[in-house]
Amino acid sequence: MIAPQLLHSELETALLSLNKVATRRIYKESGLTPIGFAEDVFMPVLDRIGGKWERGEVALSQVYMSGRICESLLNELLPADGPDLKQPPPIAVAVLEDSHLLGKRILCSVLRATGYKIHDFGQQHLESLVTRVQSEKIRILLVSTLMLSSALRVKVLRQRLDSLGFNVKLVVGGAPFRFDERLWLDVGADATSPTASGAIAIVRRLTQEVECENI
Amino acid sequence: MKTYNSMERVLTTLGHQEPDRVPFFLLATMHGARELGMGIREYFSRAEHVAAGQLRLRARYRHDCLYGFSFAPLEIEAWGGEVIYYDDGPPNSGEPPVKSLEEILRLQPPRLEDAVGLQRTLATLRLLKQQSGDEVPILGVVMSPFSLPVMQLGFELYLDLMEERPDLFRRLMAINEEFCVAWANAQLDAGATAICYFDPVASPTILPRDRYERSGFAVAQSTLSRIKGPTATHLASGRCLGIMDLLKKSGTAALGVSSLEDLAEVKKAAAGKISIIGNLNGIQMRHWSNDEARAKVREAIAKGGRGGGFILADNHGEIPWQVSDELLMAVSDAVHSYGHYPLNRGEVS
């Protein structure tokens, strides 16, 4: 068994240099199951890369490509509808009233690379988003925004979801929330993260909360 | 001490000398609509509105530029893209007009004379020049050839282009450069004093330094050298320190600085070669108290003001609609209170 720290360090180097071959080799040599590799290696390494972006040490393009490489490998190892994926409450990711989709794409990659099955709602207007949340019985909704006006619309989204009695955990992210650390509270979200990888821990925590509520 | 007009104040600081006070750019694109009592869409529909709004904002807040910029997707509209208007924020770009990388082979730059939105901006600049003469700098704006593809293709496809199709990337940069140079020079001809070159993709926040050095840097050098007037590069809230040496060599005179970086550190790195513009956090400004605004202005002046080479502004080049008029006045009052040269070390630190 290779020491976890060495695995993490090797994988980080491979991902930041966009080396898909090395990523695959590291997986094979780890001796871990696909889901074990996703949880014990992809998750901490993507989190480290996300932290480095937050501190200005790596670029967003590297975060994006790292997520994509991990997602692609895990998709090969674990088909999206296969039995080995985690089965948490329904989780969806959406961009609210904006055509800038990169943040959502990174979020989907990171969550899929760490074994979560995600409903990708793409770009949504407020009412269509509410409808899909209802029809697909979403319990955790992650909303990505780039523009401040879209971020502020999350407050209306929260009110709509509450008024309809939908018990949905709302997680927000994107530039406006990075530049104003209290904005997520202003719009009534349950959580935020400055990085996509930071959303993994949030989803894990909210999953436990939802499961407790279901008991 | 001599009292400078805005043009003299800005030119002096760009020469890395201290004028009478720290120049202040209120880069408010939408607040002019409030001045005129109209909605954002109506405001942007006529050059006369934007020119009147800019003149009123300058008169009210006593700042040092007129801003010819309307909104970022203006250019993409000329390329066949969609502009989506909001009641409470800047217009945004819709679906990218280029759907596949192969379409780049057939892409041609739009003609300025055919683009209604661009012509409206040129008319705005002409009106501003007629009204203000040479007393105040008038800023024109272009999206850099290197950053425009985020709206032309979408970010994801653009990153794929950079990684996988260097041939098409070079073609797109060549087309975009022709458009950018023509658009910048048309704005200068219409009355702009200088061009703000928005290039967020250049920032190490978005791309690794080595990638920018191998791609967007050459594009910036080539494009800026063909623009027939002074330029200021703006990374639109992205970090700059990791590429400061390249920015110094790009030919730009000034740089818009992010609130993510320490102004004193950026000033030191700019080292008299590039003037810095910034870096009040526009998003947070939405809920600042007047006291917080004063404190933030004092801090920025303390860190960036000494020796000139500094213009106080927000960090993004676009103050959010949600920032109140009262708060903008508090910012303005603070600059006029604490920004007079020589800066008193005890007063501003």
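Please read all numbers here as calculations on a predicted model, not as lab measurements. Hydrogens, waters and symmetry mates play no part in the numbers below; they use all other heavy atoms, side chains included.
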| task | Tell me, for E82(B) versus chain A, whether the close heavy atoms (under 4.5 Å) come from the side chain, the backbone, both or neither. | result | neither
| task | Could you tell me whether E29(A) atom CD has more than 12 heavy atoms of other residues or ligands within 6.0 Å of it? | result | yes
| L60(A), L18(A), V58(A), V63(A): which one forms the most heavy-atom pairs within less than 4.5 Å of chain B? | L60(A)
| By number, which residues in residues 257-269 of chain B have some heavy atom less than 4.5 Å away from chain A? | S258(B), S259(B), L260(B)
| I206(B) portion near chain A, given a 4.5 angstrom heavy-atom threshold | both
| remark: Assert top hit (heavy-atom pairs under 4.5 Å, partner chain A, pool P208(B), G154(B), P90(B), G94(B)) equals P208(B)
| query | Quick one: what part of E57(A) sits under 4.5 Å from any heavy atom of chain B, side chain, backbone, both or neither? | reply | neither
| request: Answer with side chain, backbone, both or neither: which region of L152(A) has an atom nearer than 4.5 Å to a non-hydrogen atom of chain B? | output: side chain
| query | Within a strict 4.5 Å, meaning less than it, do heavy atoms of the Q62(A) and L207(B) side chains meet? | reply | no
| Got R68(A) and D160(B) here, is their nearest side-chain heavy-atom distance under 4.5 Å? | yes
| request: Taking the side chain as every heavy atom from C-beta outward, state whether Y64(A) and L159(B) have any pair of such atoms under 4.5 Å apart. | output: yes
| Do other residues, nucleotides or ligands put more than 12 heavy atoms under 6.0 Å from the NZ atom of K155(A)? | no
| query | Are any of the side-chain nitrogens in D88(B) or R153(A) under 4.0 Å away from the carboxylate oxygens of its partner? | reply | no
| query | So how far is it from S237(B) OG to R178(A) CZ, rounded to the nearest 0.5 Å? | reply | 9.5 Å
| Summary of side chain to side chain donor-acceptor pair (under 3.5 Å) pairs that have at least one residue in residues 205-217 of chain B, sequence neighbours excluded | E163(B)-R211(B), S203(B)-T205(B), R209(B)-D245(B)
| query | Could you name the residues of residues 169-176 of chain A that have a heavy atom within less than 4.5 Å of a heavy atom in chain B? | reply | P176(A)
| query | Rounded to the nearest 0.5 Å, how far apart are OG of S93(B) and CG of D98(A)? | reply | 7.5 Å
| How many angstroms lie between CD in E318(B) and CG in L148(A), if you round to the nearest 0.5 Å? | 10.0 Å
Distance-only check: which donor-acceptor pairs under 3.5 Å involve side-chain atoms of residues 281-292 of chain B, not counting sequence neighbours?
{"from": "N281(B)", "atom 1": "OD1", "to": "I283(B)", "atom 2": "N", "distance (Å)": "3.0"}
{"from": "N281(B)", "atom 1": "OD1", "to": "Q284(B)", "atom 2": "N", "distance (Å)": "3.0"}
{"from": "N281(B)", "atom 1": "ND2", "to": "F179(A)", "atom 2": "O", "distance (Å)": "2.9"}
{"from": "Q284(B)", "atom 1": "NE2", "to": "F179(A)", "atom 2": "O", "distance (Å)": "3.1"}
{"from": "R286(B)", "atom 1": "NH2", "to": "D180(A)", "atom 2": "OD2", "distance (Å)": "3.0"}
{"from": "R286(B)", "atom 1": "NH2", "to": "D186(A)", "atom 2": "OD2", "distance (Å)": "3.1"}
{"from": "H287(B)", "atom 1": "NE2", "to": "D180(A)", "atom 2": "OD1", "distance (Å)": "3.0"}
{"from": "H287(B)", "atom 1": "NE2", "to": "D180(A)", "atom 2": "OD2", "distance (Å)": "3.0"}
{"from": "S289(B)", "atom 1": "OG", "to": "D291(B)", "atom 2": "N", "distance (Å)": "3.4"}
{"from": "S289(B)", "atom 1": "OG", "to": "E292(B)", "atom 2": "N", "distance (Å)": "3.0"}
{"from": "S289(B)", "atom 1": "OG", "to": "E292(B)", "atom 2": "OE1", "distance (Å)": "3.4"}
{"from": "N290(B)", "atom 1": "ND2", "to": "E326(B)", "atom 2": "OE2", "distance (Å)": "3.0"}
{"from": "D291(B)", "atom 1": "OD1", "to": "R294(B)", "atom 2": "NH2", "distance (Å)": "2.5"}
{"from": "E292(B)", "atom 1": "OE1", "to": "S289(B)", "atom 2": "N", "distance (Å)": "2.8"}

| With only heavy atoms counted, which part of N315(B) is less than 4.5 Å from chain A, the side chain, the backbone, both or neither? | side chain
| task | Kindly compute the distance separating CD (E97(A)) from OH (Y86(B)), expressed to the nearest 0.5 Å. | result | 6.0 Å
| said: Rounded to the nearest 0.5 Å, what separates atom OG in S149(A) from atom CD1 in I40(B)? | reply: 8.5 Å
